[in-house]
Amino acid sequence: MTGQPRVRIAPSPTGEPHVGTAYIALINRAFAKSQNGKFILRIEDTDQTRSTAASEQAIFDSLKWLGLTWDEGPDVGGPYGPYRQSERTEIYQRYAQILLEKGLAYKCFCTKEDLAALREKQEKEKKPAQGYFAQDSPCRKLTPEQIKEKEAKGEPYVIRLKVPDENPDALITFYDHTRKKEISRKYSEIDDQVLLKTDGFPTYHLANVIDDHLMGITHVLRGEEWIVSTPKHILLYNAFGWEAPKFYHLSLLRNPDKNKSKISKRKNPVSLRWFRAAGYVPDALLNFLALMGYSRSAEGKTKEEISSMELFSMDELIHEFIPGRISTTGPAFDYNKLDAINDAYTQKMTIEEFCAYKDERLKYLMEYLGPLAVETKNRFRRLNKEIDDITGFFFKLRLSYDCDEFNKIKMPPAEILSMFKTLKKTFKDKALLLNNPADFHECINEISERCGYSSKSIHMAIRIAASGEGESLPLYESLALLGVYRCISRFDDAGEALEKHIKERKEK
RNA sequence: GGCCUGUUGGUCUAGCGGUCUAGGACGCCGCCCUCUCACGGCGGAAACCAGGGGUUCGAAUCCCCUACAGGCUACCA
């Protein structure tokens, strides 16, 4: 051991690159660099049904855009590769086999139905511990002959960890360095987790523990959602006879609404590609994210220094980083404050930097717009026109509706209102099916036919709700880029604005 | 339901037993600067430190209980 820390982030390449990934990456990188350590990127693509190469590329691009570069990873290599879990399946299988041989894991032939039945039974009995554990596990009791028989028949199986059950009330404990305290769980509360799936791929738990050990990870800084499963991981480290890394759990970014639930695309933009296309300066986004997870000390600072201490660069963060100052409370993601910080950064720029940034952003914006790029370009008369007059609606959180626009829909206001409601409901129901422009096209036609809305009216209504105006970029492509969830909230907003408008007119 | 975690103004936070009649930032309001807006400057409203019990000469700070919020409870990570 050299004494230099090695940390990692391990994003899954599913869907859009998430701000949460950048947030965790930022803390990890600051931690590593402040101690002259290494920051590693590992791709956790063990979920074969959801992982895509495009998503992986988007993670690379987005993190690089933010300057969150890594020392080792799938694209740059390193001494502990491969850094993509899908390329390490034999390793996991080998280690699962070791556990099997040691008698610390077992093959489980239960089907989905078996598990559902088990769960139902447990619920009926109101057992405090649910899940697949010890005496509830039929496959634990299988004799070697029975196992052989099932295997010969070709029954699919998973490999599960055999959680020690001699002493169910004993505690399994680890130290959380962020919360600065021990956290523990009873053995009886931990189920016999699946280690290797039927398809031969590992679950997160197995792959994560093996990789962290094999890659020499010394400190694990990850999201708070992992706290409860950390004891499972400790169990695995014990089973292998390995020393566990030190754990730091980072509080989750939250939606800025009343309840502060985990930040999600259903409620707000979370894609790093969105932030980039929206025109945020990378250093500003970084600074803002750092504020969410880390707070600087005011000690020894003058009044003036205190009033500007929220503004700092990645380098400054690295130089003064103190792990003990990582926050433990879940911060609401305040888009408003992000804007303020972004303003501060643009003000610090020179004209040259500003132009370079605008150019870079414009290029990226066109890429982001995809099929709409040409349409956007064609709407310019002269190059001095502001691009955001045309594309701004993609990047505003809330639109303000000019109520005269609604007059362009040739329908009575009350009917428009109910149309917005129908649209909202249908989009919500079909949310998972609405991805491409064609999906939106089909869906809108369906509603139009089903409810007897004229094609012209429904399209105009959607156009106004989505873009805030009666003239805009081609509709279906726009909706696809906006994403279903933001469309839904815009139907809400537009409906609300219209309702207010109707009320005001009545009062007059 | 069970388990785990968190709780200082609307939001992000400083604070680690007396210096707190709780400081800063964002947002909000007002004034000044000014041809407008933005920037900047000044000022203001906004937190009885979730609530209740302890411990202590003394608690936002330590302990306990309750409430609320979040997370997890998948062959997803």
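Here is the naming used below: chain letters follow the sequence lines, and residue numbers restart at 1 for every chain.
- A salt bridge between A/Glu87 and A/Arg84 is present, with a side-chain N of the basic residue lying under 4.0 Å from a carboxylate O of the acidic one.
- Comparing the C1' positions of B/G10 and B/A45 gives an interatomic distance of 13 Å, to the nearest angstrom.
- In this structure, A/Thr198 reaches the bases: a heavy-atom distance under 4.0 Å links it to at least one base atom across the strands shown.
- Heavy-atom distances to RNA chain B give each of A/Ser184 and A/His205 a nearest nucleotide, and the one nearer the 5′ end belongs to A/Ser184.
- At a threshold of 4.0 angstrom between heavy atoms, the contacts of A/Thr46 are confined to the sugar-phosphate backbone, with no base atom among them.
- Taking atom C1' on both nucleotides, B/G2 is separated from B/U21 by 46 Å, rounded to a whole Å.
- Aromatic ring centres of A/Tyr280 and A/Trp65 lie farther apart than the 6.0 Å criterion allows.
- In this structure, A/His249 atom NE2 and B/G6 atom P are separated by 12 Å, rounded to whole Å.
- A/Arg50 comes within contact range of at least one nucleobase, with a heavy-atom separation under 4.0 Å.
- Between A/Arg140 and A/Asp165 there is a salt bridge, since at least one side-chain N of the basic residue sits less than 4.0 Å from a carboxylate O of the acidic one.
- Look at A/Arg273 and A/Glu16 and you find a salt bridge, because one of the NZ, NE, NH1 or NH2 atoms lies within 4.0 Å of a carboxylate O, short of that distance.
- To the nearest angstrom, P of B/C3 lies 6 Å from CD of A/Glu189.
- Close to B/U5, at under 4.0 Å from its OP1 or OP2, lies a side-chain N or O of A/Lys181.
- Each of A/Phe39, A/Tyr294, A/Tyr248 was compared with A/Phe31 under the ring pair (Phe, Tyr, Trp, His ring centres under 6.0 Å) criterion, and only A/Tyr248 meets it.
- A salt bridge links A/Asp211 to A/Arg42: at least one charged side-chain nitrogen sits closer than 4.0 Å to a carboxylate oxygen.
- Side-chain proximity of A/Asn336 to the nucleotides B/G27, B/U5, B/A77 is greatest for B/G27.
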Contact list (N/O, under 3.5 angstrom) for nucleotides 9-15 of chain B vs protein:
from: B/C12; atom 1: OP1; to: A/Lys260; atom 2: NZ; distance (Å): 2.7
from: B/C12; atom 1: OP1; to: A/Ala332; atom 2: N; distance (Å): 3.0
from: B/U13; atom 1: OP1; to: A/Met292; atom 2: O; distance (Å): 3.4
from: B/U13; atom 1: OP2; to: A/Thr329; atom 2: OG1; distance (Å): 3.4
from: B/U13; atom 1: O3'; to: A/Ser295; atom 2: OG; distance (Å): 3.4
from: B/A14; atom 1: OP1; to: A/Ser295; atom 2: OG; distance (Å): 2.4
from: B/G15; atom 1: OP1; to: A/Arg325; atom 2: NH1; distance (Å): 3.2
from: B/G15; atom 1: OP1; to: A/Arg325; atom 2: NH2; distance (Å): 3.4

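- For the salt bridge (charged side-chain N to carboxylate O under 4.0 Å, His left out) test, residues two or more places apart in sequence or in another chain that qualify with A/Arg179 are A/Asp176, A/Glu224.
- Distance check on atom C1': B/U5 versus B/G9 gives 24 Å, rounded to whole Å.
- Both A/Leu338 and A/Glu224 lie close to RNA chain B; mapped to their nearest nucleotides by heavy-atom distance, the more 5′-ward contact belongs to A/Glu224.
- For A/Thr203 and B/A74, the shortest distance from a side-chain N or O to OP1 or OP2 is not below 4.0 Å.
- For A/Leu115, whose side chain is taken as the heavy atoms from C-beta onward, the closest listed nucleotide among B/C75, B/G70, B/U7 is B/C75.
- Note on A/Asn259: a side-chain N or O is less than 4.0 Å away from OP1 or OP2 of B/G70.
- B/C57 and B/G40 have their C1' atoms separated by 49 Å, given to the nearest Å.
- Candidate nucleotides B/C75, B/C39, B/A77 were compared by shortest atom distance to the side chain of A/Val158, and B/C75 ranks first.
- Under 4.0 angstrom from either OP1 or OP2 of B/A77 there lies at least one side-chain N or O belonging to A/Lys197.
- Among the atoms of the strands shown, only primed sugar atoms or phosphate atoms (P, OP1, OP2) are found under 4.0 Å from some heavy atom of A/Lys262.
- Remark: A/Gln93 engages no residue in a side chain to side chain donor-acceptor pair (under 3.5 Å) (not counting sequence neighbours).
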